[in-house]
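Scroll down for the structure; my scribbles are underneath it.
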Protein chains: 2
Amino acid sequence: MKLATEDFDRISKALADPQRCAILQKLAMTGKLNCSDVGAFFDVSQPTVSHHLKELATAHVVEKEKQGQFCFYHVNNEVLSAYVSELQRRLGLNAILAAPRAR
Amino acid sequence: MKLATEDFDRISKALADPQRCAILQKLAMTGKLNCSDVGAFFDVSQPTVSHHLKELATAHVVEKEKQGQFCFYHVNNEVLSAYVSELQRRLGLNAILAAPRAR
DNA sequence: TGATGATATAGATGTTCATCAATATGTTTA
DNA sequence: TAAACATATTGATGAACATCTATATCATCA
């Protein structure tokens, strides 16, 4: 999966806030949480949690799933993997993998 | 190599600005550049380049090497690799690698 | 030593953004 | 339908930050 520059930049920014990164990490660990669950783990207001989840969703690193009055969020592993790959590519960390195969 | 939380956060922020990320990418591609070289690639003022390079150096993703009146910068691959590894760990992207070996 | 060139610092400015209180919207249940 | 609950939105505020101009520092060279 290939990320557009715009998407890459947005994900970088989404990860740059420690609070938001912690929320994403919690989602990665637990698999799926609703807003209240997330809020229970961190000492921030409900609107702030909602804001961070929205940013993460806008960057497509999490997906939103509405179930009745609840709203579940889970990580999008495909996008996260694509982000890490692109980051490695840009930073030249995949030189060995990208090198032409010896024969 | 293990990154402290503080270092991880700082690197995330260093990568969050597209201009700074582009500078880092250029350094990764070319190996080693001085300030003027970097400035020649991007349409920003000399103090801005100096500022970005300082941020990257503070985050330890690049290293500074003074040679006379010039100042060369090159990426620190060890730190960058450690960052990507820690990111993967936090995002749960290394589940397969981390799994206990089958026997 | 004085001029030129490379880089860093200081200070200012406008923008982005994390956060909150208040409120709105939508959903469930008594 | 009214109350209670979950989430989203609005608007405000203060902090962080990217960028610039001006200037300082330091090294080289004529």
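Each chain gets a letter, A, B and so on, in the order the sequences are listed, and its residues count up from 1.
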Decide yes or no, distance alone: a donor-acceptor N/O pair under 3.5 angstrom between the base of C:dA8 and the side-chain of B:Q46.
yes

Quick check on C:dT19: is either OP1 or OP2 less than 4.0 Å from any side-chain nitrogen or oxygen of A:T48?
no

Distance in angstrom units between A:K13 NZ and D:dC17 P, rounded:
12 Å

Atom pairs and distances, side-chain donor-acceptor, residues 38-46 of chain B, under 3.5 Å, sequence neighbours left out:
unit_1: B:S45; atom_1: OG; unit_2: B:T48; atom_2: N; d: 3.4
unit_1: B:S45; atom_1: OG; unit_2: B:T48; atom_2: OG1; d: 3.0

Tell me, please, which residues at least two apart from B:Q67 pass side chain to side chain donor-acceptor pair (under 3.5 Å).
B:E65

Report the C-alpha distance between A:S36 and A:F70 in whole Å, list the side-chain angles of each, state the deciding distance to 0.1 Å, and finish with yes or no for side chain to side chain contact (heavy atoms under 4.5 Å, CB included).
CA-CA 9 Å; A:S36 306; A:F70 297 93; 5.7 Å; no

For residues B:A16 and A:A16, report the shortest heavy-atom separation together with the two atoms involved.
CB-CB, 3.5 Å

Passes side chain to side chain contact (heavy atoms under 4.5 Å, CB included), B:L91 versus A:V75? Steps please.
CA-CA 9 Å; B:L91 301 181; A:V75 301; over 6 Å; no

Would you indicate whether A:R90, at its atom CZ, is surrounded by more than 12 heavy atoms from other residues, nucleotides or ligands within a distance under 6.0 Å?
yes

Contact class for B:H51 (heavy atom, under 4.0 Å): base, sugar-phosphate, or nothing?
base

Residue-phosphate contact under 4.0 Å: A:Y73 side-chain N/O, D:dA6 OP1/OP2:
no

Using whole Å, report how far CD1 of B:I23 lies from P of D:dA18.
11 Å

Side-chain atoms of residues 49-59 of chain A: list all donor-acceptor pairs with protein atoms under 3.5 Å, sequence neighbours left out, distances to 0.1 Å.
unit_1: A:H52; atom_1: ND1; unit_2: A:R20; atom_2: NH1; d: 3.4
unit_1: A:T58; atom_1: OG1; unit_2: A:K54; atom_2: O; d: 2.8

Not counting sequence neighbours, which residues clear side chain to side chain donor-acceptor pair (under 3.5 Å) with B:E63? List them please.
B:N76

Can you list, by residue number, the residues of residues 25-35 of chain A that have a non-hydrogen atom closer than 4.0 angstrom to DNA chain D?
A:N34, A:C35

Nearest-angstrom distance from the residue atom CD of A:Q19 to P of D:dA16:
15 Å

For B:A82, enumerate each residue passing the side-chain contact (heavy atoms from CB on, under 4.5 Å) test, keeping only those at least two apart in sequence or located in another chain.
B:M1, B:L3

Quick one, which residues of residues 36-45 of chain B touch DNA chain D with a heavy atom under 4.0 Å?
B:V44, B:S45

Less than 4.5 Å apart, any side-chain heavy atom of B:L15 and any of A:L87?
yes

Which residue lies toward the 5' end of DNA chain D, B:P47 or B:H52, if each is placed at its nearest nucleotide?
B:H52

Going by number, which of residues 54-72 of chain B have a non-hydrogen atom under 4.0 Å from DNA chain D?
B:G68, B:Q69

Which residues pass the side-chain contact (heavy atoms from CB on, under 4.5 Å) test with A:T30, sequence neighbours left out?
A:K26, A:L33

Once ring pair (Phe, Tyr, Trp, His ring centres under 6.0 Å) is applied, do any residues pair with B:F8, and if so which ones, sequence neighbours excluded?
B:Y83

Taking only residues two or more places apart in sequence, or in another chain, which ones meet B:E78 in a side chain to side chain donor-acceptor pair (under 3.5 Å)?
none

Of A:D17 and B:L53, the one whose closest DNA chain C nucleotide lies more 5'
B:L53

What pairs of nitrogen or oxygen atoms, one from the protein and one from nucleotides 11-15 of chain C, lie under 3.5 Å apart?
none

